[in-house]
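Below you'll find the structure, written out as structure tokens, and then a few comments.
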Amino acid sequence: MSIVIKNTLTGKKEKFVPLEEGKVKMYVCGVTVYDDIHMGHARSMIVFDTIVRYLRYRGYDVVHHTNFTDVDDKIINRAAEEGIDALELSARYIRHYFEDAEKLGINKADYYPKASEEMPAIIKMVEEIIDSGFGYVTEDGSVYFSVDKVKDYGRLTNQKIEDMESSGRVVLDGNKKNPMDFAIWKSAKPGEISWKSPWGEGRPGWHIECSAMIREHLGDEIDIHGGGNDLVFPHHENEILQTEAVTGKPLSKYWMHNGMLQVQGEKMSKSMGNFFRVRDVAEKYDKHAIRFYFLNTHYTSPLLYSEEMLEDAKNSLERLVNNYTDLGAYMKQGPDGGEDVSDAVEKYRENFIAAMDDDFNTRAAIEVLFQLARTTNKSMAEKTLSKEGAGIYVSLLDEFNRVLGIYPEISDDDGTLDSVMEILIDLRAELRERKAYDLSDLIRDRLGEAGIRLEDSGDGAKWKRI
RNA sequence: GUCGGGAUAACACAGAGGCUAUGUGGCGGACUGCAGAUCCGCAUACGGGAGUUCAAAUCUCCCUCCCGACCCCA
């Protein structure tokens with residue numbers, strides 16, 4: 001059994017074999033930090049966060065880098081509007097990014113390279129591209145990549161240059177020799193943020209930073225390169241060209257792309273103006289519901305965004321969380337002995353791994369959780385489950401949760417609250433015994449207002465924080 | 001135009017030749033003083049048309065419609 005990954009490069013699912021056994025070098029394209037991140041970015045972040053978590057769960061030693069594009073036209077323009085320095089603006093949104101990432105339960109990447117801090121590596125790479133004959137310098141001090149020199153352009157896109165030009169949208173501008181040529185170094189306009197280079201003051205083109213930063217920090221070849229599928233062309237295509245022009249080696253063995261989030265049938269994007277900021281959504285939905293919403297679909301599929309969808313995810317997840325907290329409570333109160341759960345547990349683990357091994361099918365993995373919930377709910381109701389068995393299930397769910405991050409962390413038991421609740425529950429039992437339902441219901445209602453949900457059942461009451 | 005991905009019950013979303021998909025919502029039952037949770041059951045499916053096959057939601061071909069990429073994008 002091994003992991004299978006849908007590789008954009010070949011369009012097929014391929015067995016995952018890293019360059020170096022047991023190790024995974026992974027680079028995921030991050031965001032251009034000129035504004036707050038939206039739910040579309042959140043999807044990509046959660047998807048790749050989960051993939052990293054799973055690879056680690058499967059025993060791989062993963063190095064994961066995600067970049068920030070902190071120098072680009074939009075940042076420069078936005079900063080000019082606000083009358084501040086470009087890097088001051090990008091620093092602000094990088095800060096926001098981390099605040100938002102935390103609200104999504106994202107584990108930190110090992111390193112976050114920023115274009116502005118990688119100039120020596122970027123300039124070096126541009127020089128190497130020129131030296132290899134793939135780059136040319138223009139009169140104004142810009143440097144372009146020459147696609148004419150490339151043998152098999154369009155590998156990732158599976159397209160020919162001629163076909164793309166027929167779109168009529170690609171135009172020959174400036175000093176380009178071929179309309180498909182792209183800037184790897186842009187000369188600075190007066191007043192713009194710039195760095196010194198052999199070609200004069202300027203800044204990097206969009207695609208070069210990723211190529212340069214990968215090479216600088218991860219090496220010539222990596223295992224997995226990820227990002228949204230809107231980056232396939234031209235961004236990733238061009239990254240491949242740049243890197244291979246210099247190293248002669250494939251940039252990444254596997255290319256993974258997540259599907260777009262759609263709002264009313266259209267892609268969510270800044271330019272469409274139909275986006276929802278993570279920080280706004282996170283006001284109303286917690287990270288577990290948001291993660292569940294995203295992971296309840298395969299990462300490559302398009303996904304509809306609406307508040308109803310989030311509401312739906314929240315309700316669905318509640319079923320799983322109820323099961324999880326019930327198992328937690330049963331662990332303390334359930335009977336000893338009971339049937340052996342080890343076979344069942346092993347089966348669930350196998351199914352979970354089989355689902356995730358198949359191109360990280362989180363949706364199928366979640367179905368395993370629902371199956372587990374149904375059968376354990378039943379065995380708890382029938383008292384055929386032992387407290388030990390419940391404990392084993394809880395650890396199993398904790399294990400799965402290290403990958404998915406959808407169950408809430410059980411807050412440290414406050415012993416005081418436990419005893420207070422015990423008193424209240426006993427008191428209510430007494431009241432109910434005397435059929436003083438008005439009082440017992442009042443207690444339950446008031447607890448609800450205080451954020452504690454009390455549920456009566458045949459053998460005592462259960463409570464949990466909500 | 002070229003290339004890619006889709007169309008599955010009320011909704012969302014898996015599956016990929018035969019095996020009860022799953023969840024939310026709906027309806028009906030069990031449990032219950034009530035509420036909630038939980039369990040059991042029910043209903044509504046694989047865009048259309050041909051074909052291959054003993055057997056097709058799944059494979060092949062054709063058609064219709066949707067989304068994305070080709071300027072910026074996760």
Side-chain angles (χ1 to χ4, degrees), chain A residues 8 11 28-32 34 37-48 66 69 72-74 154 156-171 173 180 206 226-235 237 257-262 265-272 275 292-293 296-298 300-304 306 308-309 311-320 322-323 325-326 355 358 361-371 373-382 432 435-438 440-441 444-445 448 453-458 461-462 464:
Chain A
T8 310
V28 179
C29 278
V31 294
T32 302
Y34 70 103
I37 56 168
H38 64 241
M39 291 300 279
H41 301 116
R43 180 175 194 193
S44 190
M45 288 159 72
I46 287 172
V47 159
F48 286 103
T66 285
T69 299
D72 107 310
D73 289 342
K74 277 182 287 207
L156 200 57
T157 336
N158 192 25
Q159 284 204 87
K160 299 190 186 78
I161 301 185
E162 308 86 77
D163 294 334
M164 283 185 272
E165 287 180 53
S166 73
S167 74
R169 295 161 79 181
V170 181
V171 285
D173 74 329
M180 295 305 288
W206 178 34
N229 69 12
D230 52 350
L231 297 181
V232 174
F233 188 91
H235 186 54
E237 191 74 47
H257 293 98
N258 65 275
M260 291 296 105
L261 199 56
Q262 300 181 352
E266 282 183 323
K267 173 182 161 185
M268 179 183 292
S269 68
K270 289 277 166 62
S271 45
M272 298 292 298
F275 61 90
F292 181 91
Y293 160 66
N296 201 209
T297 302
H298 187 73
T300 55
S301 304
L303 173 61
L304 302 175
S306 71
E308 289 74 27
M309 296 291 99
E311 202 58 42
D312 206 60
K314 190 176 134 189
N315 291 341
S316 300
L317 178 61
E318 201 177 338
R319 178 171 165 78
L320 292 180
N322 282 341
N323 172 250
T325 51
D326 285 353
D358 182 13
N361 194 336
T362 51
R363 171 56 214 248
I366 284 172
E367 290 200 19
V368 176
L369 302 183
F370 278 109
Q371 277 164 23
R374 184 154 30 82
T375 53
T376 54
N377 277 339
K378 204 189 285 193
S379 62
M380 281 191 282
E382 291 167 354
R432 292 173 71 216
K435 302 217 186 304
Y437 295 124
D438 50 342
S440 66
D441 288 355
R444 188 171 62 197
D445 291 347
R453 181 149 76 207
L454 198 71
E455 292 171 2
D456 293 315
S457 70
K462 290 185 300 191
K464 67 180 114 183

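What's counted below: heavy atoms across the whole structure, side chains too, no hydrogens, waters or symmetry copies. Quick note on labels: first sequence line is chain A, next is B, and so on, each numbered from 1.
With C1' as the reference atom, A43(B) and A10(B) are 11 Å apart, rounded to whole Å. Taking atom P in both U53(B) and C71(B), one finds a spacing of 47 Å when rounded to whole Å. Remark: the separation of the P atoms in A9(B) and U44(B) is 13 Å, to the nearest Å. The P atoms of C61(B) and G5(B) are separated by 14 Å, rounded to the nearest whole Å. Atom C1' of U52(B) sits at a distance of 14 Å from the matching atom of U58(B), rounded to the whole Å. With both ends at atom C1', the span from U38(B) to U32(B) equals 12 Å, rounded to whole Å. Separating the C1' atom of U64(B) from that of G25(B) is a span of 31 Å, rounded to the nearest Å. When the P atom is used for both A7(B) and A14(B), the distance is 9 Å, rounded to whole Å.
The residues Lys314(A) and Glu318(A) are annotated as not salt-bridged, no charged nitrogen and carboxylate oxygen being separated by less than 4.0 angstrom.
Rounded to whole Å, atom C1' of C71(B) lies 13 Å from atom CG of Asp230(A). Nucleotide C34(B) holds its P atom 11 Å from the CG atom of Asp456(A), rounded to whole Å. In this structure, Glu237(A) places its CD atom 14 Å from P of C72(B), rounding to the nearest Å. Atom-to-atom, NE2 of His38(A) to P of A74(B) comes out at 7 Å; the value is rounded to the nearest Å. In this entry the distance linking CG of Leu231(A) with C1' of G68(B) reads 13 Å, nearest Å. Distance, Gln262(A) CD to G68(B) C1': 8 Å, rounded to whole Å. Atom P of nucleotide A35(B) and atom CG of Leu454(A) are separated by 15 Å, given to the nearest angstrom. Between Tyr293(A) atom OH and C11(B) atom C1' there is a gap of 13 Å when expressed in whole angstrom units.
In this model, no side-chain donor or acceptor of Arg444(A) finds a partner on the base of G36(B) within 3.5 Å. Side chain Asn229(A) to base G4(B): no donor-acceptor pair is found below 3.5 Å.
In this structure Lys267(A) satisfies the side-chain hydrogen bond (donor to acceptor under 3.5 Å, both in side chains) test together with Asp230(A), sequence neighbours excluded.
For Thr297(A) and A12(B), the shortest distance from a side-chain N or O to OP1 or OP2 is not below 4.0 Å.
Between Met268(A) and His41(A), the closest side-chain pair of non-hydrogen atoms is not below 4.5 Å.
Base pairing analysis places A10(B) opposite U24(B); the two distances defining the Watson-Crick or G-U wobble pair are each below 3.5 Å. In this structure, C59(B) forms a base pair with G51(B), meeting either the Watson-Crick or the G-U wobble geometry with both donor-acceptor distances under 3.5 Å. Across all strands shown, the partner of U38(B) is A30(B), judged by Watson-Crick or G-U wobble contacts whose two distances both fall under 3.5 Å. In this structure, A45(B) forms no base pair with any nucleotide, since neither Watson-Crick nor G-U wobble geometry is met with both distances under 3.5 Å. Using N1 to N3 plus N6-O4 or O6-N4 for Watson-Crick, or N1-O2 and O6-N3 for G-U wobble, each under 3.5 Å, G4(B) pairs with C67(B).
If you take CG on Asn322(A) and NZ on Lys464(A), they are separated by 3.5 Å, rounding to the nearest 0.5 Å.
Checking A37(B), G15(B), C34(B) against every side-chain atom of Asn361(A), the shortest atom distance belongs to G15(B).
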(message) Walk me through whether Arg444(A) and Asp456(A) qualify under side-chain contact (heavy atoms from CB on, under 4.5 Å).
(response) CA-CA 10 Å; Arg444(A) 188 171 62 197; Asp456(A) 293 315; 2.9 Å; yes
(message) At under 4.0 Å between heavy atoms, how does the protein contact nucleotides 18-30 of chain B? Give one character per nucleotide, 5' to 3', with B, S or -.
(response) ---BBBS------
